[in-house]
Amino acid sequence: MIRTCAQLLSHHSATCLHAAVIKHGFENDPHVQTGLIFMYAELGCLGSCYGVFRHVLRPDLVCQTAMLHACAKHGDVDFARKMFDEMPHRDYIAWNAMVAGYAQCGSSREALELFREMQVEGVMLNEVSMVLLLSACTQLGALDQGRWAHAYVERSKLRITVSLGTALVDMYAKCGDVDKAMEVFWEMKERNVYTWSSAIGGLAMNGLGHESLHLFSIMKKDGLVQPNEVTFISVLRGCSVVGLVEEGRRHFESMRSFYGIEPQLEHYGLMVDLYGRSGLLNEALEFVNTMPMKPHSGAWSALLHACRMHRNKEIGELAMNKIVELDSKNDGAFVLLSNIYADYKNWEGVISLRQKMKAKGVRKLPGCSVIEIDGEAHEFIVGDKSHPRYDEIELKLEEVCRCLRIAGYVANTSSVLFDIEEEEKEVAVSRHSERLAIAFGLISLKEGVPIRVVMNLRICWDCHEVAKMISKIFDREIIVRDRNRFHHFQDGECSCKGYW
DNA sequence: TACGTAGAAC
């Protein structure tokens, strides 16, 4: 009963319910205690979970799992692991709870590691385990492992529940195999708003804006599932990646007028992005200034990004000032403005920004790219030489450089933050993590196998140009998932068509 | 019978 109500409760009603439990003398009933832990976990009150748990005389498996889940879900994953390790008996649900704890706090590698242990121990894998595994693969961009999970699901005839199907659609879309994502989507017997939003967002993220909007129109025509606020985030991204300003504006308006959904900060941020990318910087600025709520740093960042794309120093500086007011340690904003200054060869501006960053203790997040070869993830950090095959990578990079020069390529080094010599800058940019990962892909993958890279920042403009050329010169498909979206490079072109 | 699951946010 407590568990069923938990999702609907407010903090106040939870306290009342707890008081009623005590009043009627149930506070020592083990089932009730487990229910209370679950309830407080739902509400995010980890302290109250501990409070109840402390009074449980002999916590059984279920109670321990409930507590483990509470800790893992609300940030104390290490304590959760400690509990897990100390549990005398663990059923498959306890294992799933621990894997979920890692997957949800972003520790996907630990989640995969634990999943492997689960297999070694012969623990039963059900569809929930597979959803968790897929979610970890999605975060890491580990397509091979995701495919393995899909094959496992089919082999063991696990039921494709709506959650499992959605996890598959999401995994394929976010690992860059959008055709497979849609194949799974259309094969699903039942779809809910999560499934539709994932598919629409997945198409958008892969640069297929028109397809994503078409899918949204099918969803509306179907009428079985109502779009919600997340669906509209996917729809607006679809408009943004192909620059459909008018259509975006229509969808944005329809949220309130037709669906009764009040646009949130994120929707406003996406509209700024849409105007900005399309070069309508004044409209974008006007839009930010007339938002009914105080703009968040994301809205200003979208504008700043557009200023970099369309080389507008004045609005860029304005956006930057607003970002620093809201979030003084936003390293991405410093880098963007520095790039704008560098585009104008304003080295004084660059130096002054560098000093400001130093004074505020802002550090640029180092670029990091991952490439999966035979199921093993290889991680590269910018300028990193620690990979065991670094010598071969270096040789390949030099070969790439030679080929590019012959093809008439001139490095655009404006994304190098500081005022070092041009030649050094070219070396710095040619050792970006994405470049190292692509070179490693070239030497270790068979011909014809696409190179898939996942990175933590947005791909730099120069690397973007180089990837295009590599795709042509080496006749190789390259798929890069950056922090924002996918770039599919083939035959000298990128799917983002300038909407970088 | 109780404990575990999926979508975004520039």
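In the text below, chain A, chain B and the rest are named by the order of the sequence lines, each starting its count at 1. When reading the values below, keep in mind they use all heavy atoms of this one structure, side chains included, and skip hydrogens, waters and symmetry mates.
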Between dG7(B), dC10(B), dA8(B), which nucleotide gets closest to the side-chain atoms of Gln264(A)?
dA8(B)
Atom CE of Met188(A) and atom C1' of dA6(B): how far apart are they, to the nearest Å?
9 Å
NA contact type, Gln104(A), heavy-atom cut-off 4.0 Å: base, sugar-phosphate, or nothing?
sugar-phosphate
If you only use heavy atoms from C-beta on, which nucleotide in dG7(B), dG4(B), dA9(B) is closest to the side chain of Phe38(A)?
dG4(B)
Check the side chains of Gln119(A) and Tyr152(A) for a donor-acceptor pair under 3.5 angstrom, ignoring hydrogens and angles.
no
Ignoring hydrogens and angles, answer whether the base of dC10(B) and the side-chain atoms of Arg277(A) contain a donor-acceptor pair closer than 3.5 Å.
no
Does dA8(B) have OP1 or OP2 sitting under 4.0 Å from an N or O in the side chain of His267(A)?
no
Nearest whole Å is fine: how far is dA8(B) P from Arg483(A) CZ?
15 Å
Considering only side-chain heavy atoms of Val62(A), which listed nucleotide, dC10(B), dC3(B), dG7(B), is closest?
dC3(B)
Give the rounded distance in Å between these two atoms: CD1 of Ile261(A) and C1' of dA8(B).
13 Å
If I take atom NE2 in residue His296(A) and atom P in nucleotide dA8(B), what distance separates them, rounded to the nearest angstrom?
16 Å
Given dC3(B), dT5(B), dG7(B), the nucleotide with the shortest approach to the side chain of Ile93(A):
dC3(B)
For the residue pair His18(A) / Tyr40(A), report whether a side-chain donor-acceptor contact shorter than 3.5 Å exists.
yes
Applying a 4.0 Å non-hydrogen cut-off, can you work out what Lys73(A) is touching in the nucleic acid: base, sugar-phosphate, or nothing?
nothing
To the nearest angstrom, how far is Asn192(A) atom CG from dA6(B) atom C1'?
8 Å
Decide whether His488(A) and Asn206(A) meet the rule of one side-chain donor and one side-chain acceptor closer than 3.5 Å.
yes
Atom-to-atom span, CD1 of Ile200(A) to C1' of dA6(B) - whole angstrom:
15 Å
Identify which nucleotide among dA6(B), dC10(B), dC3(B) has an atom closest to any side-chain atom of Thr34(A), counting heavy atoms from C-beta outward.
dC3(B)
Do the side chain of Asn126(A) and the base of dG4(B) come within less than 3.5 angstrom through a donor-acceptor pair of N or O atoms?
yes
With a cut-off of less than 4.0 Å, is there a side-chain N or O of His69(A) near OP1 or OP2 of dG4(B)?
yes
I'd like to know if Ser198(A) reaches the base of dG7(B) with its side chain such that a donor and an acceptor end up less than 3.5 angstrom apart.
no
No-hydrogen, no-angle side-chain donor-acceptor test under 3.5 Å, Thr166(A) and Ser198(A):
no
Among dC10(B), dA6(B), dG4(B), the one nearest Leu270(A) by side-chain distance
dC10(B)
Whether Asp144(A) and Arg147(A) form a salt bridge (side-chain N of Lys/Arg under 4.0 Å from carboxylate O of Asp/Glu) is what I want to check.
yes
Quiz question: by atom type and distance under 3.5 Å, do the side chains of Ser197(A) and Ser234(A) form a donor-acceptor pair?
no
Per Thr65(A) side chain, nearest of listed nucleotides dG7(B), dC3(B), dT5(B)
dC3(B)
Nearest listed nucleotide, side chain of Lys174(A), among dT5(B), dG7(B), dC10(B)
dG7(B)
Out of dG4(B), dA8(B), dC3(B), which nucleotide sits closest to the side chain of Asp91(A)?
dC3(B)
Please pick, from dG4(B), dA6(B), dC10(B), the nucleotide with the shortest atom-to-atom distance to any side-chain atom of Ala97(A).
dG4(B)
Any chance CZ of Arg363(A) has more than 12 other-residue heavy atoms, nucleotides or ligands included, within less than 6.0 Å?
no
So what does Phe232(A) hit on the nucleic acid, given a heavy-atom distance under 4.0 Å: a base, only sugar-phosphate, or nothing?
nothing
Figure out the NE2/P separation between His74(A) and dG4(B), and round it to whole Å.
11 Å
CZ of Arg237(A) versus P of dC10(B): gap in Å, rounded?
9 Å
Base, sugar-phosphate, or nothing: which does Val169(A) touch, judged by heavy atoms less than 4.0 Å apart?
nothing
